[in-house]
Amino acid sequence: MFETLKEQPADKILMLMQAFREDPREQKIDLGVGVYKDASGNTPVMHAIKAAEKQLWESETTKAYTGLAGDPAFSNAMIELVLGDAVPRETVAAAATPGGTGAVRQGFDMIKQANPKARVFVSDPTWPNHLSILKHMGLEIVPYRYFDNETRAVDFVGMIADLHQVMPGDVVLLHGCCHNPTGANLNLAQWKAVTDLLLEKEGTPMIDIAYQGFGDGLEEDAAGVRLVASSVPECLIAASCSKNFGIYRERTGLLMAVAKDAGAQKLNQSTLNYLNRQNYSFPPDHGARLVSMVLADPELRSDWAAELEAVRLSMLRLREQLASELQRLSGSDRFGFIAQHRGMFSRLGATPEQVETMRRDHGVYMVGDSRLNIAGLNETTVPILAEAIIKSGV
């Protein structure tokens, strides 16, 4: 039966990782992989996570399954972190998932179960896995304009124009903060305009928030999500703990379904339990338990928040350094957008040919659409990258 299988397209980022590893040049820079790295090129374990792991090792007495939706303490802690008091807790159903990707997948599954004919409006561009999963599941994808390649800012006029096509039963996928791959975010007034339009069109928002705390701060990065959740009758929110807790390999995420009332929440919760059972049964618990411990302990939470803020500020400094260096070399302000973007990524606006020139001539590795990972830089490599960008004609 397997003779009928077809070769699937290779993952471009994984191919880029392999090419980087095989490059013998010492002065090479990896800006492709979406993983935070410190100045020495390591992805560190956060202090609070290390402390929680030690506590867990000393106190844990069983590795028995948690519930189908995971440990309620994890759901409660994450709902509070993402939503604050924006909506009543009794209206939110939640299920732990293997990473933010698992939350996205389960969200799409819930959409398909509720309305197999739903169209999913997706920003152009978006995280490639959004499109891959939707295509694999057979859900119709409708792109909406999001990024202006000239200004490297949000094309809000185009976005609103395209979202006027939304019909009742459609879903609009939004990035909660630190848009991947562009780094260009909606401001709060724009979030309000999108929310008003969705209310008018009776579209359902689904928000993917994978970088809370990496942009303007924990509370600031959640502001758009909270505005939407408190304004619409129902929405889905997929949250990831990989970046802001640094637990990539623990695969820790949460899918939230916000309902209009507690009665609808019960149906949503049973649906999420069912979907987990059909997919992987019980979700992983180790990373989720560490997150719960950190958020519940005032000392650990304070330590974690301080370290996360240091990570955020280090990326902002790198952005400002790169923008300044490019201004010096180019004699223009055309790269000022880099300092205005937020999160790990910016889309540079280079052509695939220019990206290839940077790789070939300067050992700078980034995705072909010119998405670069700011966290892959340090103070020493910023001038090298700036020179490569200018010499490659960007």
Does any N or O in the side chain of [X] come within less than 3.5 Å of the main-chain N or O of [Y], such that one atom is a donor and the other an acceptor?
X	Y	answer
Ser240	Gly99	no
Trp127	Asp208	no
Glu307	His47	yes
Gln354	Gly393	yes
Asn268	Val92	no
Arg312	Phe214	no
Ser302	Pro298	no
Gln212	Leu81	yes
Gln190	Asn187	yes
Lys28	Asp23	yes

Closest approach of [X] and [Y], non-hydrogen atoms and distance?
X	Y	value
Asp221	Gly215	OD2-N, 2.9 Å
Met358	Val394	CE-CG2, 4.1 Å
Ala388	Val364	CB-CG2, 4.0 Å
Val367	Val355	O-CG1, 3.8 Å
Gly203	Val166	CA-CG1, 3.8 Å

What's in the same ILVMFWY side-chain cluster as [X], cut-off under 4.5 Å, chained through other members?
X	result
Met1	Phe2, Leu5
Leu267	none
Leu131	Val104, Phe108, Met110, Ile111, Val120, Val122, Ile133, Leu134, Met137, Leu139, Ile141, Val171, Leu173, Met206, Leu236, Leu255, Leu272, Tyr274, Leu275
Leu68	Tyr65, Phe282

Got more than 12 heavy atoms from elsewhere within 6.0 Å of [atom1], [X]?
X	atom1	value
Lys192	NZ	no
Glu299	CD	no
Arg334	CZ	yes
Gln27	CD	no

Which residues pass the salt bridge (charged side-chain N to carboxylate O under 4.0 Å, His left out) test with [X], sequence neighbours left out?
X	result
Glu202	none
Lys37	Asp30
Asp170	Arg119

### Task
Output all residues satisfying ring pair (Phe, Tyr, Trp, His ring centres under 6.0 Å) with Phe156, sequence neighbours left out; order by chain, then residue number.
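Applying ring pair (Phe, Tyr, Trp, His ring centres under 6.0 Å) to Phe156 gives none.
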Kindly compute the distance separating [atom1] ([X]) from [atom2] ([Y]), expressed to the nearest 0.5 Å.
X	Y	atom1	atom2	result
Phe245	Thr252	CZ	OG1	9.5 Å
Gln8	Ser132	CD	OG	8.5 Å
Arg251	Ile247	CZ	CD1	9.5 Å

### Query
Do any pairs count as a side chain to side chain donor-acceptor pair (under 3.5 Å) and have a residue in residues 137-151, sequence neighbours left out, and if so which ones?
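Side chain to side chain donor-acceptor pair (under 3.5 Å) check on residues 137-151 returns Arg145-Asp162.
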### Message
Suppose the criterion is side chain to side chain donor-acceptor pair (under 3.5 Å): which pairs have a residue in residues 255-265, not counting sequence neighbours?
### Response
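Applying side chain to side chain donor-acceptor pair (under 3.5 Å) to every pair that reaches into residues 255-265, excluding sequence neighbours, yields nothing.
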### Query
According to a 4.5 Å side-chain heavy-atom criterion applied to Ile, Leu, Val, Met, Phe, Trp and Tyr, with indirect links allowed, do Phe345 and Leu316 form part of one hydrophobic cluster?
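Shared cluster, no.
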Please tabulate, one pair per line, all N/O donor-acceptor pairs under 3.5 Å involving side-chain atoms of residues 176-186, not counting sequence neighbours.
from, atom 1, to, atom 2, distance (Å)
His179, ND1, Thr182, OG1, 2.9
His179, NE2, Ser123, OG, 3.1
His179, NE2, Pro125, O, 3.4
Asn180, OD1, Arg371, NH1, 3.1
Asn180, ND2, Tyr211, OH, 3.4
Thr182, OG1, Ala184, N, 3.1
Asn185, OD1, Cys178, N, 2.9
Asn185, OD1, His179, N, 3.0

Answer yes when [X] and [Y] have at least one side-chain N-carboxylate O distance shorter than 4.0 Å, and no when they do not.
X	Y	value
Lys391	Asp361	no
Glu356	Arg359	yes
Arg301	Asp297	no
Arg317	Glu320	no

### Task
Determine, step by step, whether Glu53 and Arg289 satisfy the salt bridge (charged side-chain N to carboxylate O under 4.0 Å, His left out) criterion, reporting the C-alpha distance in whole Å, the side-chain angles of both residues, the deciding distance to 0.1 Å, and the verdict.
CA-CA 9 Å; Glu53 282 193 304; Arg289 196 159 295 271; over 6 Å; no
### Query
Taking the side chain as C-beta and beyond, is there a heavy-atom pair between Phe147 and Val154 under 4.5 Å?
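Not in contact.
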### Task
May I ask you to test the Lys201-Met167 pair for a side-chain heavy-atom distance under 4.5 Å?
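Answer no - side chains too far apart.
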Mind listing the side-chain donor-acceptor pairs of residues 373-384 below 3.5 Å, one per line with the distance, residues two or more places apart or on another chain?
from, atom 1, to, atom 2, distance (Å)
Asn373, OD1, Ala375, N, 3.0
Asn373, ND2, Val33, O, 2.8
Asn373, ND2, Val35, O, 3.1
Asn378, OD1, Thr380, N, 2.9
Asn378, OD1, Thr381, N, 2.9
Asn378, OD1, Thr381, OG1, 3.3
Asn378, ND2, Ala39, O, 3.2
Thr381, OG1, Asn378, N, 2.9
Thr381, OG1, Asn378, O, 3.2

When you compare the side chains of [X] and [Y], does any donor N or O come within less than 3.5 Å of an acceptor on the partner?
X	Y	answer
Arg105	Thr97	no
Glu22	Gln18	yes
Asp109	Gln113	no

